[in-house]
Amino acid sequence: MRFRHQRTAAAVALAAAAVIGLPACSVVLGEEESILDAASLTVGVKTDQPRLGAEDDNGDLTGFDVDVALYIAGRLGFAAEDVEVTGITSADRERELINEDVDMVVATYSITPARKTEVTFGGPYYVAKQDVLVRDEDTDVRGVRDLEGRSVCHEEGSNSAARIREGLGIDVEQREASNYSACIKALREGEVDAVSTDNLILAGFLAEEPGTFRLVNEPFTDEKYGVGLPHGDVRACEEVNRAINQMYRDGTAADLLETWFGETDLQLVTSVPQFEGCDPA
Ligand code: GLU
């Protein structure tokens, strides 16, 4: 969306240069296009994950990811009124960045080698871990290996299923839903045996309905939450990393983690994560 405007502007400048007889190279073309150069910023966040990205009673999107997105946008120089936060699902993240429907994604979006070929990631801004949620009365599941042969729900486009099957070679009966709240509904209603994804996501749902579910609390991966950016936007990636660094140094990250997850039993990490680097894959 934003790049489209820029390309149009560049084309107009080129045409103008041709009309007035300037060599095209005198037009500012040397600099790489970046979302940093546009007047506004559209950020994709989740809408159904309590405490991360969820709609409140007024229809506003709230949560840790939303606050991180707004902090970063501010540090990138965007005024609050120029930042639009919009809903996105796991399955749509790469496509919406590639199509320029969104400029940035802050949506429990793990940095993976495959995704890096389509998207540039700033961060990580937090490292979550995959875990397992079962119904409270289900005392048989003590770790991910106990899911062998059981039905496990994941959001479409999420990498959590691959972590179990390809990553650990555990043969589960995989069920896909359109989002994680649909998985939680299926778990509550006994349609699946477990939901397995990032512990921050599971802890958010657990806190919504005390006594309904149990977090197994045997984490088994590192889920490095990246800030998804258009592939190759190295300038934005470097600025995002500066913003994340500042967010940890000025205490905002610790405050936000405490605000959103302080009441849960999660072990929160308040030191700045090691950055992945901005070189495009
Ligand atoms: N962090 C994992 C991923 O990026 C699972 C959660 C999600 O899909 O948002 O695939």
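Note that ligands are numbered from 1 as they come in the structure, with each ligand's atoms numbered from 1 the same way.
Of the listed options Asn179, Ile201, Asn159, Asn159 places a heavy atom closest to atom 2 (C) of ligand 1. Considering Glu223, Arg115, Lys46 only, the shortest heavy-atom separation from atom 4 (O) of ligand 1 involves Arg115.
Gln130 does not count as a contact of ligand 1, since none of its heavy atoms falls under 4.0 Å from the ligand. Heavy-atom distances between Thr112 and ligand 1 stay at or above 4.0 Å for every pair.
A salt bridge is absent between Lys185 and Asp48; no separation between the charged side-chain nitrogens and carboxylate oxygens falls under 4.0 Å. For the pair Arg115 and Glu94, the salt-bridge criterion is met [side-chain N within less than 4.0 Å of a carboxylate O].
At under 3.5 Å, not a single nitrogen or oxygen of Tyr180, backbone or side chain, sits near a nitrogen or oxygen of ligand 1. Between Thr197 and ligand 1, not a single N/O pair is under 3.5 Å apart. For the pair Tyr225 and ligand 1, the shortest N or O to N or O distance does not fall below 3.5 Å. Ligand 1 has no nitrogen or oxygen under 3.5 angstrom from a nitrogen or oxygen of Ser160. Backbone and side-chain nitrogen or oxygen atoms of Gln49 are examined, and none is located within less than 3.5 angstrom of a nitrogen or oxygen of ligand 1.
Taking every heavy atom of Arg93 and a limit of under 4.0 angstrom, the matching atoms of ligand 1 come to 3 (C), 4 (O), 7 (C), 8 (O), 9 (O), 10 (O). Each of the following atoms of ligand 1 lies closer than 4.0 Å to a heavy atom of Ala107: 9 (O). Taking every heavy atom of Tyr109 and a limit of under 4.0 angstrom, the matching atoms of ligand 1 come to 4 (O). Interface of Thr108 with ligand 1, defined as ligand atoms under 4.0 Å from a residue heavy atom, comprises 1 (N), 2 (C), 3 (C), 4 (O), 6 (C), 7 (C), 9 (O).
A donor-acceptor contact closer than 3.5 angstrom is absent between the side chains of Ser34 and Asp37. Defined by atom type and a distance below 3.5 Å, a donor-acceptor pair is present between the side-chain atoms of Asp193 and Ser151. Checking Ser158 against Tyr180 by side-chain atom types alone, a donor-acceptor pair falls below 3.5 Å.
Other residues, nucleotides and ligands place no more than 12 heavy atoms under 6.0 Å from the CD atom of Gln267. When the shell of 6.0 Å around CD of Glu263 is examined, it contains 12 or fewer heavy atoms from other residues, nucleotides or ligands.
Looking at Ala128 against ligand 1, nothing comes within 4.0 Å, counting heavy atoms. The residue Arg163 has no part lying near ligand 1, judged by heavy-atom distances below 4.0 Å.
Residue pairs meeting the ring-ring contact (aromatic ring centres under 6.0 Å, His included) criterion with at least one member in residues 100-124, sequence neighbours excluded: Tyr109-Phe121.
A distance-only check finds a donor-acceptor pair linking the side chain of Arg93 to the backbone of Ala107 [under 3.5 Å].
Counting protein heavy atoms only, atom 6 (C) of ligand 1 is closest to Asp198 OD2, 3.4 Å. The protein non-hydrogen atom at the shortest distance from atom 7 (C) of ligand 1 is Ser90 OG, 3.3 Å. Ser158 OG, 3.2 Å is the protein heavy atom nearest to atom 5 (C) of ligand 1.
Hydrophobic clustering, with ILVMFWY side chains joined whenever heavy atoms are under 4.5 angstrom apart, keeps Val234 apart from Leu76.
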Atom pairs and distances, side-chain donor-acceptor, residues 220-228, under 3.5 Å, sequence neighbours left out:
{"from": "Thr221", "atom 1": "OG1", "to": "Gln130", "atom 2": "N", "distance (Å)": "3.0"}
{"from": "Thr221", "atom 1": "OG1", "to": "Glu223", "atom 2": "OE2", "distance (Å)": "2.7"}
{"from": "Asp222", "atom 1": "OD1", "to": "Lys129", "atom 2": "NZ", "distance (Å)": "2.4"}
{"from": "Glu223", "atom 1": "OE1", "to": "Ser110", "atom 2": "OG", "distance (Å)": "2.7"}
{"from": "Glu223", "atom 1": "OE1", "to": "Arg163", "atom 2": "NH2", "distance (Å)": "3.1"}
{"from": "Glu223", "atom 1": "OE2", "to": "Arg163", "atom 2": "NE", "distance (Å)": "2.8"}
{"from": "Glu223", "atom 1": "OE2", "to": "Arg163", "atom 2": "NH2", "distance (Å)": "3.3"}
{"from": "Lys224", "atom 1": "NZ", "to": "Glu276", "atom 2": "OE2", "distance (Å)": "3.2"}
{"from": "Tyr225", "atom 1": "OH", "to": "Asp198", "atom 2": "OD2", "distance (Å)": "2.6"}

